[in-house]
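Right, one structure below, let's go through it.
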Amino acid sequence: MLDRIRVPIGGGVRFTASIRNVGAEAARPAIDYVVHHRRANGSQSARTFKLTAPWARTRRSR
């Protein structure tokens, strides 16, 4: 969920998500997200980023 659709130059955007491991083994979550931006010539470009969770617990829930 995004907190806004358009972001001014120098601004920020916050997003939230919930994920749940329903498997039997521990998992290390990684999320890819894409940011679309307008280039100086007016065309649109996309850039993909990877969000990993070093803070996530890797043990199974019981």
Exercise. Would V13 and V34 show up in the same hydrophobic cluster when neighbours are defined by side-chain heavy atoms closer than 4.5 Å?
Worked result: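 In one cluster: no.
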Exercise. Pick from H36, R39, R38: which one makes a side chain to side chain contact (heavy atoms under 4.5 Å, CB included) with S45?
Worked result: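 So, applying the side chain to side chain contact (heavy atoms under 4.5 Å, CB included) to S45 and each of H36, R39, R38, only R39 qualifies.
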Problem set entry | Heavy-atom closest pair, residues P29 and I19 |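 The pair with the smallest heavy-atom distance is CB-CD1, 3.3 Å.
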Exercise. Can you name the nearest heavy-atom pair linking A30 to T52, along with the distance?
Worked result: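 Nearest heavy atoms, A30 then T52: CB-CG2, 4.2 Å.
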Exercise. If we only count heavy atoms from C-beta on, is the L51 to F15 side-chain gap below 4.5 Å?
Worked result: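 Yes, close enough: below the 4.5 Å cut-off.
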